[in-house]
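The structure presented is a predicted model; accordingly, all values stated were derived computationally and were not measured. Just so it is clear: chains get the letters A, B, ... in the order the sequence lines come, proteins before strands, and each one is counted from 1.
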Number of protein chains: 2
Amino acid sequence: MSLEVEGADEAQTEAVTKNLVFTAAERLFALHGFQNVSVRDITAEAGVNLASVNYHFGSKDALLFEIFRRRTTELNRERARLLHEANDRHGGKPPVREILAALFIPPLRWMAPENDRRISLQFLIRARSEGTEEIRTVLRTDVTHLRRFSDALTAARPDLPDVEVYWRLHFVLGMLHNNRFSEFDRMNALADGRMGEGDTAALLERMLDFAEAGFIR
Amino acid sequence: MSLEVEGADEAQTEAVTKNLVFTAAERLFALHGFQNVSVRDITAEAGVNLASVNYHFGSKDALLFEIFRRRTTELNRERARLLHEANDRHGGKPPVREILAALFIPPLRWMAPENDRRISLQFLIRARSEGTEEIRTVLRTDVTHLRRFSDALTAARPDLPDVEVYWRLHFVLGMLHNNRFSEFDRMNALADGRMGEGDTAALLERMLDFAEAGFIR
DNA sequence: GCCAGTTTCATACGGTCGTAAGACTGCCCT
DNA sequence: AGGGCAGTCTTACGACCGTATGAAACTGGC
């Protein structure tokens, strides 16, 4: 249940322009939202020609979709691997806290201040609520990914009815997805800046404490 | 800790056209988002003239802001009243569960299927994440409203450090705000439709159980 | 050195958007 | 009777948007 970084980058490939567009778009979408960023904004930020978006991605929608698909896949893969490891560690039946940790750790790793995936997480959170119709498709595939976790939780708490598990997982995900910056900043203002955003390890423990309590009860 | 409806409508006033625009806009914004709804969509839905929005509200932004301001005020007032009643009932020091109930009950009341404020809640949740710059101003005033609750929670759990209370309140709010339909539908698909959205009274108890557990622990 | 391909470039098209301007309508007050 | 006015209507302007087009530049293979 550690936050230490691991894994290496995939081979970043081919067309520089395509990558420039991808990165600039992800960043701008994350910061200002899909609708508030024009193709012209993106290409200007990337320092490439206006037509690049349509040439390399087909359309603005397709660009959004591709970013979303890639980041979602990466996040889900990290989560699945952690869950798998937790299974190995506990003979296929990990306790609630370990399951939740597999869910929490990847986004928290990304959220770490020095991590360049911070913006990717911000993008994902935003895309989730402003999504295109096509993105809802991906979110539906996400369900099959979530099932791994609901199944694990059901196994860890066989006394709980299925529906109860789904609800609590729903609550936990809400808690997790609410970690967008604006909401955090509001709470931090309330706390006079003493909430200490930097310490993601402490945040993980806090979140696990809270979520586990709701699950164990 | 009941969900029974109460209170009467305020005097709905003056210009019919203004109200028609207000209602149509709230509905369309809630369903499709601010950016995806044009002034022409709104006036068509309301059955009024295109110029009505600018005449009665000044601009599209101002219209969004006015809807948001009114609904936020209403929600906050309901919450504040419930908190006040809880204070009266417990000599100024209500237990955690009662404080959380004051936070949860108003939006859950609105969310009830037969309630015509259902769309207002959907609007509020959406506006919170797609907000204009001006809306962030209202959210900052919201902080002073939240403080009532963080203060009450601190009083109920004097052994907990302030910061801990803020974090847990942050988690609870995330859990609450995630009750948008899309997220709920995703979980409900996972549960093969057995999550029973209709029964808001049961949902309230479930949410209180979960949140209280995280707070008491 | 030239050709086929891929990629980049400048530019323009059609469309939608928010907003403003000005004419028009109905109603109240004196 | 008529003037003032709040409200409604039609229409249009200027801006910005996503995308398509065709020419230009670049690339590696022969």
Side-chain angles (χ1 to χ4, degrees), chain A residues 11-69 123 126-127 130-137, chain B residues 11-69 123 126-127 130-137:
Chain A
Q12 279 302 49
T13 63
E14 9 172 3
V16 271
T17 303
K18 187 168 182 178
N19 282 340
L20 286 174
V21 169
F22 186 99
T23 305
E26 178 179 38
R27 184 180 131 81
L28 292 181
F29 288 160
L31 292 178
H32 309 113
F34 179 64
Q35 308 265 12
N36 295 314
V37 173
S38 69
V39 174
R40 285 164 176 83
D41 291 335
I42 296 168
T43 52
E45 165 102 354
V48 302
N49 188 265
L50 169 62
S52 305
V53 166
N54 288 274
Y55 179 76
H56 285 286
F57 295 92
S59 71
K60 187 191 175 189
D61 279 357
L63 169 59
L64 174 74
F65 183 70
E66 184 157 332
I67 304 175
F68 184 76
R69 197 187 44 75
F123 168 88
R126 208 184 252 274
E130 300 182 23
T132 323
E133 184 54 46
E134 208 174 9
I135 281 194
R136 241 155 296 180
T137 306
Chain B
Q12 278 303 51
T13 62
E14 10 172 4
V16 271
T17 302
K18 186 167 183 179
N19 281 341
L20 286 174
V21 169
F22 186 98
T23 305
E26 178 180 38
R27 183 180 133 79
L28 291 180
F29 288 161
L31 292 178
H32 310 113
F34 179 63
Q35 307 265 13
N36 294 314
V37 172
S38 69
V39 174
R40 285 165 177 84
D41 292 335
I42 296 169
T43 52
E45 166 102 354
V48 302
N49 190 266
L50 168 63
S52 306
V53 165
N54 287 275
Y55 179 77
H56 286 286
F57 296 92
S59 71
K60 186 191 175 189
D61 278 357
L63 169 59
L64 175 74
F65 182 71
E66 184 157 330
I67 303 175
F68 184 76
R69 196 187 45 74
F123 167 88
R126 209 183 251 274
E130 300 181 23
T132 324
E133 186 54 45
E134 209 174 8
I135 281 194
R136 241 155 296 181
T137 307

Q.
Go nucleotide by nucleotide along DNA chain D from the 5' end; which of A:Asn36 and A:Gly58 gets its closest nucleotide reached first?
A. A:Asn36
Q.
Nearest whole Å is fine: how far is C:dA20 P from B:Lys60 NZ?
A. 15 Å
(Q) For A:Ser38 and A:Asp41, which I'm curious about, is there any donor-acceptor pair between the side chains at under 3.5 Å? (A) yes
**Q.** Ring-face cation contact, A:Tyr55 with A:Lys18, 6.0 Å cut, 45° max
**A.** no
Q | Residue B:Leu50, side-chain atoms from C-beta onward, closest of C:dT8, C:dT19, C:dC17 | A | C:dT19
Q.
Using the side-chain heavy atoms of A:Tyr55, tell me which of these nucleotides is nearest: C:dT19, D:dC9, C:dT7.
A. C:dT7
Q. How many angstroms lie between atom CG of B:Leu20 and atom NE2 of B:His56, to the nearest 0.5 angstrom?
A. 9.5 Å
Q. Tell me: CG of A:Asn19 to P of C:dT8, nearest whole Å?
A. 11 Å
Q) Does B:Gln35 CD have over 12 foreign heavy atoms under 6.0 Å away? A) yes
(Q) Closest approach to the side chain of A:His56, judged atom by atom: which nucleotide of C:dT11, C:dG18, C:dT7 is it? (A) C:dT7
Q) Tell me: NZ of B:Lys18 to C1' of D:dA6, nearest whole Å? A) 13 Å
Q.
Of the options C:dA12, C:dT19, C:dT8, whose atoms approach the side-chain atoms of A:Arg40 most closely?
A. C:dA12
Q: Round to a whole Å and report the spacing from CG of A:Leu64 to P of D:dT19.
A: 12 Å
Q: Please state how far atom CG in B:Asp61 lies from atom C1' in C:dG18, giving the value in whole angstrom units.
A: 9 Å
**Q.** Nucleotide D:dG18, atom P - distance to CG of A:Leu28 in whole Å
**A.** 12 Å
(Q) Both A:Asn54 and B:Asn49 contact DNA chain D. Taking the nearest nucleotide for each, which residue is further toward the 5' end? (A) B:Asn49
Q) NA contact type, B:Ser52, heavy-atom cut-off 4.0 Å: base, sugar-phosphate, or nothing? A) nothing
Q.
Measuring from the side chain of A:Ala51 (C-beta onward, heavy atoms only), which nucleotide among C:dC9, D:dT10, D:dT8 has the closest atom?
A. C:dC9
Q.
Nearest whole Å is fine: how far is C:dT16 P from B:Ile42 CD1?
A. 17 Å
Q. Does D:dC17 have OP1 or OP2 sitting under 4.0 Å from an N or O in the side chain of A:Ser38?
A. yes
Q | Euclidean distance, atom CD of residue A:Gln35 to atom P of D:dC16 [Å, nearest integer] | A | 17 Å
Q. If you check every side-chain atom of A:Val39, which of D:dT8, C:dT8, D:dT19 has the closest atom?
A. D:dT19
Q: Output yes when at least one side-chain N/O atom of B:Thr17 is less than 4.0 Å from OP1 or OP2 of D:dG7, else no.
A: no
Q | Reported OG1-to-CG distance for the pair B:Thr23 and B:Leu28, which is rounded to 0.5 angstrom | A | 10.5 Å
